[in-house]
Amino acid sequence: MSGQEASPTAEAEPGSLHALVLAQLEDDQAQEVVSIPLAGKSSIADHMVIASGRSTRQVAAIAQKLAEKIKQQGHGPVRLEGLPQADWVLLDAGDVVVHLFRPEVRSFYNLERMWAFGDAPPVAAGTA
């Protein structure tokens, strides 16, 4: 696992879409969850959440369940991209954008470093 000190859930406002996303990812056992605040960096969303699944099957399951939960909680429609292959699935929920990866794909693209502008450490490929 990563050397993450605190749960990203602690930084989310209770009842917010961001908090819902982080809690659902934790419930679904997503790995190495990172939340990057985008306020002042981009107008595409308020938060970018990046997480890994152990396999394409787990990535797809996490993405589908998360999209369903967001809709059920009244946060509007969710746009899903990349679901058939499930190496990298993008969920666009408006204020929160979620990237779900297989560990090898996540390590290759290293979105944390790009969006955190060097604030986040590089992510090592996880073990299966």
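These figures come from a predicted structure and were not determined experimentally.
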To the nearest 0.5 Å, tell me how far [X] [atom1] sits from [Y] [atom2].
X	Y	atom1	atom2	result
K69	Q64	NZ	CD	16.0 Å
M114	I50	CE	CD1	8.0 Å
I62	R57	CD1	CZ	13.0 Å
L25	L100	CG	CG	6.0 Å
K71	L66	NZ	CG	10.5 Å
M48	L111	CE	CG	6.5 Å

> With sequence neighbours excluded, what pairs up with A86 under the side chain to side chain contact (heavy atoms under 4.5 Å, CB included) test?
Replying inline: T56, V59, A60, V89
> Looking at residues at least two apart in the chain, or sitting in another chain, which of them share a side chain to side chain contact (heavy atoms under 4.5 Å, CB included) with E81?
Replying inline: R79, L90
>> In the structure I gave you, are the side-chain heavy atoms of V78 and D92 within less than 4.5 Å of one another anywhere?
In response: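 Not touching, per the 4.5 Å side-chain cut-off.
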> Should V97 and L91 count as side-chain neighbours, where that means a heavy-atom distance under 4.5 Å?
Replying inline: no
Who pairs with [X] by side-chain hydrogen bond (donor to acceptor under 3.5 Å, both in side chains), at least two apart in sequence or on another chain?
X	result
E68	Q72
K65	D28
D87	R102

>> With a 3.5 Å distance limit and no angle check, can you tell me whether S16 reaches the backbone of E13 through a side-chain donor-acceptor pair?
In response: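 Yes; at least one donor-acceptor contact below 3.5 Å.
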> Would a distance-only check, ignoring hydrogens and angles, find a side-chain to backbone donor-acceptor pair under 3.5 Å from E26 to L22?
Replying inline: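 Absent.
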> What are the two closest heavy atoms between L38 and A45, and how far apart are they?
Replying inline: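 Nearest pair, atom of L38 first, then A45: CB-O, 3.3 Å.
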>> If you compare all heavy atoms of P103 against all heavy atoms of G53, which two are closest, and at what distance to 0.1 Å?
In response: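 What the structure gives for the nearest pair is CD-O, 3.0 Å.
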> Hey, mind stepping through V49 and V33 against side-chain contact (heavy atoms from CB on, under 4.5 Å) and telling me if it holds?
Replying inline: CA-CA 7 Å; V49 177; V33 177; 4.0 Å; yes
>> Taking ring pair (Phe, Tyr, Trp, His ring centres under 6.0 Å) as the cut-off, I'd like each qualifying pair that reaches into residues 70-91, sequence neighbours left out, listed once.
In response: W88-H99, W88-F101, W88-Y109
